[in-house]
Amino acid sequence: MRIALLEDEYEQAQHVQSMLSERDHHCDTFPTGQAFLSAVLHRSYDLLILDWQIPDMTGIDVLESVRSQLNWVIPVVFLTQRDSEADVVRALDAGADDYLAKPARAAELVARINALARRSNPDSEKEVLKYGPFEVNTQRRTITLHGDGLTLTDKDFDLTLFLFQNQGRLLTREMLLERVWGLAREINTRTVDTHMSRLRRRLGLNPENGFRIKTIYQRGYRLESMQHQQVDHNSDMSSSDVNNSEISETDRAANE
């Protein structure tokens, strides 16, 4: 898992990062709320760990910003010195999924993280998954559209499954390289762009089939449900799913 840790005490941050790295989790650490929020809103993480008392804002402030600005419900764990019942209740009411008091015990922390990961992706253990007109068989590694089988490579299947399981979520090119290809983040990202362009055509991702892959400028991709887009549009004609930092390059990528 890719984890973002908000912790202003350097030694504590290194300790938690080391515990998670030893158990094959990637952990980025941030000493301030602003640095943490900037990373979380522009990169792809699977889970967040928050301290309560940090220099520029509180962990509750950070949590509320995450919940109001991210368009998917990322699991959040508080790891803090504050352990009163009132603090625990306040954090959970604000949207935290779990709460641990320092010092963190490695086995317990990892067990709670793994439990949250399972709850956040309940489809991970199912054999047959349905997404609108698409049906994904994870055992046979096949995908059908309106009952007709699609011709896909093994990597096409892995990428499609990952997109469907994370629909609505920004996925950076670096994350896709790590999670789908198992490659280092530093390599050339044209591999991802080429596969995405091809996958649009092979899957028939268009409004008629209910989904689209949207390219987010200089950041990555997001699989969007067109049905949800229509509901949002009808409920608030003044709102837009594209802000100043998100520019669609769908046509550009398809022509590359």
For this session: Go through the steps for Glu7 and Lys102 under the test salt bridge (charged side-chain N to carboxylate O under 4.0 Å, His left out), then give the verdict.
Result: CA-CA 12 Å; Glu7 173 59 66; Lys102 294 179 181 177; 2.6 Å; yes
Exercise. Is there a side-chain contact (heavy atoms from CB on, under 4.5 Å) between Val40 and Gln69 once you walk through the steps?
Worked result: CA-CA 10 Å; Val40 168; Gln69 295 184 62; over 6 Å; no
For this session: With side-chain contact (heavy atoms from CB on, under 4.5 Å) as the test, would you mind laying out the steps for Tyr45 and Asp28 before giving the verdict?
Result: CA-CA 9 Å; Tyr45 290 101; Asp28 292 333; 2.7 Å; yes
Problem set entry | Val62/Ile54 under side-chain contact (heavy atoms from CB on, under 4.5 Å): CA gap, chis, key distance, verdict | CA-CA 10 Å; Val62 173; Ile54 49 178; 4.1 Å; yes
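Heavy atoms of other residues, nucleotides or ligands lying less than 6.0 angstrom from CD of Glu85 number 12 at most. Taking a 6.0 Å sphere around NZ of Lys155, one finds it holds more than 12 heavy atoms contributed by other residues, nucleotides or ligands.
Val66 is not listed as a side-chain neighbour of Leu50, based on a closest heavy-atom distance of 4.5 Å or more. Between Asn206 and Asn209, the closest side-chain pair of non-hydrogen atoms falls below 4.5 Å. Residues Leu150 and Arg202 form no side-chain contact, since every pair of their non-hydrogen atoms from C-beta on lies 4.5 Å or further apart. Taking 4.5 Å as the limit, some side-chain heavy atom of Met196 sits within range of a side-chain heavy atom of Leu176. Counting heavy atoms from C-beta outward, Arg82 and Tyr99 have side chains that approach closer than 4.5 Å. Looking only at side-chain heavy atoms (C-beta outward), Asp87 and Phe78 stay at 4.5 Å or farther from each other. No side-chain heavy atom of Tyr10 sits less than 4.5 Å from a side-chain heavy atom of Thr29. A heavy-atom distance below 4.5 Å is not found between the side chains of Leu145 and Leu203.
By the 4.0 Å N-to-carboxylate-O rule, Asp93 lies too far from Arg90 to be salt-bridged with it. Ionic pairing of Arg67 and Asp97 is present here: one or more N-O contacts between side-chain nitrogen and carboxylate oxygen are shorter than 4.0 angstrom.
Separation of the Tyr131 and Phe211 ring centroids does not fall under the 6.0 Å cut-off.
With Asp46 as the fixed residue, the side-chain hydrogen bond (donor to acceptor under 3.5 Å, both in side chains) test singles out one of His25, Arg2, Arg179: Arg179.
Residues Arg200 and Thr215 bring a donor and an acceptor atom of their side chains to less than 3.5 Å of each other.
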